[in-house]
Participant: 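The structure under discussion is supplied below as structure tokens; questions concerning it will follow.
Counting begins at 1 with the first residue of the sequence.
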Amino acid sequence: MVVQALKKISNCAKRCWVAISIGSDLRRDAAKSYYEAHPEFQLNVFYRMKAELPIDGNFDPEVFEYEADIRGDDEFMQVVHTAIVKRNSSFCLKGGNVRLSRGDRLHLKNSFSFSKAFFKQCARLAGLASIDVISDNTGSDIHVLEKATESITEETRVASCREIM
């Protein structure tokens, strides 16, 4: 999946530079405690729905609770962000009836963290060359990548990279 996404980015231009910010903190316990300490960040989507969508007054954003399911290994971590329905609820959204039952699970999104080596390998498999990795040393990295071309030398890459920084 990571390689496919990077290939799509790479295929957008004949020659390109890309800076991609990713999570690099693979401590599962730290991720779980962080996300569960801030459930409002993940559940905010339901308050936005109530404020911005054609939804009736029966919709209650408070009916949801948050769960972070942490998966992965030493190279890759996925956080599955899930909203769990606390009590039966029904409402009308854009003319359609929606019924949610207590215990229903709604997948909100995924968050990913990768080791530097894993992400560099994915980039290489997608036809991108890793030029540099800039880290804040707190769990976020910016990977500077270039679409791999045979006509660009290593010296040119390093010099160009320094110029844009």
Participant: To the nearest 0.5 Å, what is the distance between CG on Asp56 and CG on Asn97?
Facilitator: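 Answer rounded to 0.5 Å: 8.5 Å.
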Participant: What are the two closest heavy atoms between Val133 and Ser130, and how far apart are they?
Facilitator: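 Here Val133 and Ser130 meet closest at CG2-OG, 4.4 Å.
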Participant: Could you go through Ser113 and Asp25, starting from their C-alpha distance and side-chain angles, then the distance that decides it, and tell me whether this counts as side chain to side chain donor-acceptor pair (under 3.5 Å)?
Facilitator: CA-CA 6 Å; Ser113 291; Asp25 189 343; over 6 Å; no
Participant: Apply side chain to side chain donor-acceptor pair (under 3.5 Å) to Glu67 and Thr82, showing your working.
Facilitator: CA-CA 5 Å; Glu67 177 183 278; Thr82 305; 4.9 Å; no
Participant: List the atom of Val63, the atom of Ser89, and the distance in Å for their closest heavy-atom pair.
Facilitator: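 Heavy atoms only, the tightest pair is CG2-CB, 4.1 Å.
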Participant: How long is the gap from CE on Met1 to CD on Gln78, to the nearest 0.5 Å?
Facilitator: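 It comes to 6.0 Å.
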Participant: Linking I/L/V/M/F/W/Y whenever their side-chain heavy atoms sit closer than 4.5 Å, directly or via other members, would Leu145 and Ile142 fall into one cluster?
Facilitator: no
Participant: For Lys50 and Gly57, work out which heavy atoms get closest and say how close.
Facilitator: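 Heavy atoms of Lys50 and Gly57 come nearest at NZ-O, 3.9 Å.
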Participant: Check this for me: does any side-chain nitrogen of one of Asp104 and Arg102 sit under 4.0 Å from a carboxylate oxygen of the other?
Facilitator: no
Participant: Using the side-chain contact (heavy atoms from CB on, under 4.5 Å) rule, take Val79 and Asn110 through it: C-alpha gap first, then chi angles, then the decisive distance, then the call.
Facilitator: CA-CA 6 Å; Val79 181; Asn110 294 307; over 6 Å; no
Participant: If hydrophobic clusters are built by linking Ile, Leu, Val, Met, Phe, Trp and Tyr wherever their side-chain heavy atoms come under 4.5 Å apart, do Leu53 and Tyr47 end up in the same one?
Facilitator: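 No: no chain of side-chain contacts under 4.5 Å links Leu53 to Tyr47.
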Participant: To the closest 0.5 Å, what do you measure between OG (Ser135) and NE2 (His143)?
Facilitator: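 Answer for the OG-NE2 pair, Ser135 versus His143, is 8.5 Å.
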Participant: Compare all side-chain heavy atoms of Glu146 with those of Val18 and state whether any distance is below 4.5 angstrom.
Facilitator: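 Result no, sub-4.5 Å side-chain heavy-atom pair not found.
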Participant: Is there side-chain contact between Phe91 and Leu100, with heavy atoms separated by less than 4.5 Å?
Facilitator: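 In short, these two side chains touch, coming nearer than 4.5 Å.
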Participant: Does a side-chain heavy-atom distance below 4.5 Å link Val144 with Ile134?
Facilitator: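 In contact.
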Participant: Taking the side chain as every heavy atom from C-beta outward, state whether Asp74 and Leu26 have any pair of such atoms under 4.5 Å apart.
Facilitator: no
Participant: Under a 4.5 Å cut-off applied to non-hydrogen side-chain atoms, are Ile84 and Phe64 in contact?
Facilitator: no
Participant: Using side-chain heavy atoms (C-beta onward) and a distance below 4.5 Å, is Arg28 in contact with Met77?
Facilitator: yes
Participant: Checking Glu36 now: which residues fulfil salt bridge (charged side-chain N to carboxylate O under 4.0 Å, His left out) with it, not counting sequence neighbours?
Facilitator: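 For Glu36 the salt bridge (charged side-chain N to carboxylate O under 4.0 Å, His left out) partners, ignoring immediate neighbours, are Lys32.
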Participant: Name each donor-acceptor pair under 3.5 Å that joins a side chain in residues 117-129 to protein atoms two or more places apart or in another chain, with its distance.
Facilitator:
from   : atom 1 : to     : atom 2 : distance (Å)
Gln121 : OE1    : Arg124 : NH2    : 3.4

Participant: Less than 4.5 Å apart, side chain to side chain, heavy atoms only: is that true for His107 and Val80?
Facilitator: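 Side chain of His107 against side chain of Val80, heavy atoms only: contact under 4.5 Å found.
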Participant: Looking at Phe41, I want to see if its CZ is surrounded by more than 12 non-hydrogen atoms of other residues, nucleotides or ligands under 6.0 Å.
Facilitator: no
Participant: Can you tell me if Lys109 has over 12 outside heavy atoms packed within less than 6.0 Å of its NZ?
Facilitator: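 Yes - once you tally the heavy atoms of other residues, nucleotides and ligands closer than 6.0 Å, there are more than 12.
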Participant: For the CZ atom of Arg99 and the OG atom of Ser90, what is their distance to the nearest 0.5 Å?
Facilitator: 5.5 Å
Participant: Do Phe114 and Glu75 have side chains that approach each other closer than 4.5 Å (heavy atoms only, starting at C-beta)?
Facilitator: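 Result no, sub-4.5 Å side-chain heavy-atom pair not found.
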Participant: For Arg27 and Asp29, run salt bridge (charged side-chain N to carboxylate O under 4.0 Å, His left out): C-alpha distance rounded to whole Å, both residues' side-chain angles, the deciding distance at 0.1 Å, then the answer.
Facilitator: CA-CA 6 Å; Arg27 295 173 301 146; Asp29 57 335; 5.6 Å; no
Participant: Main chain of Glu62, side chain of Lys86: is a donor-acceptor contact present, judged purely on distance under 3.5 Å?
Facilitator: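 A pair under 3.5 Å: yes.
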Participant: How about CG on Asn58, more than 12 heavy atoms from neighbouring residues, nucleotides or ligands closer than 6.0 Å, or not?
Facilitator: yes
Participant: Rounded to the nearest 0.5 Å, what's the gap from CG on Asp141 to CD1 on Ile20? Could you check?
Facilitator: 12.0 Å
Participant: Give me the one residue out of Glu40, His81, Gln42 that meets side chain to side chain donor-acceptor pair (under 3.5 Å) with Tyr66.
Facilitator: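 For Tyr66, the side chain to side chain donor-acceptor pair (under 3.5 Å) test succeeds with only one of Glu40, His81, Gln42, which is His81.
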Participant: Check for a donor-acceptor pair, side chain of Lys94 on one end and backbone N or O of Pro54 on the other, with a separation under 3.5 Å.
Facilitator: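 Side chain of Lys94 to backbone of Pro54: no pair is present.
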Participant: Applying the 4.5 Å side-chain criterion to the ILVMFWY set and letting contacts propagate, would Leu43 and Tyr34 be lumped into a single cluster?
Facilitator: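 Yes.
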Participant: Nearest 0.5 Å please: distance from the CD1 atom of Ile22 over to the NZ atom of Lys116.
Facilitator: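 Here the interatomic distance stands at 9.5 Å.
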Participant: Applying the 4.5 Å side-chain criterion to the ILVMFWY set and letting contacts propagate, would Val3 and Ile9 be lumped into a single cluster?
Facilitator: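 No, Val3 does not connect to Ile9 through the hydrophobic network.
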Participant: Tyr35, Val45: one ILVMFWY side-chain cluster at the under-4.5 Å cut-off?
Facilitator: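 Yes, same cluster.
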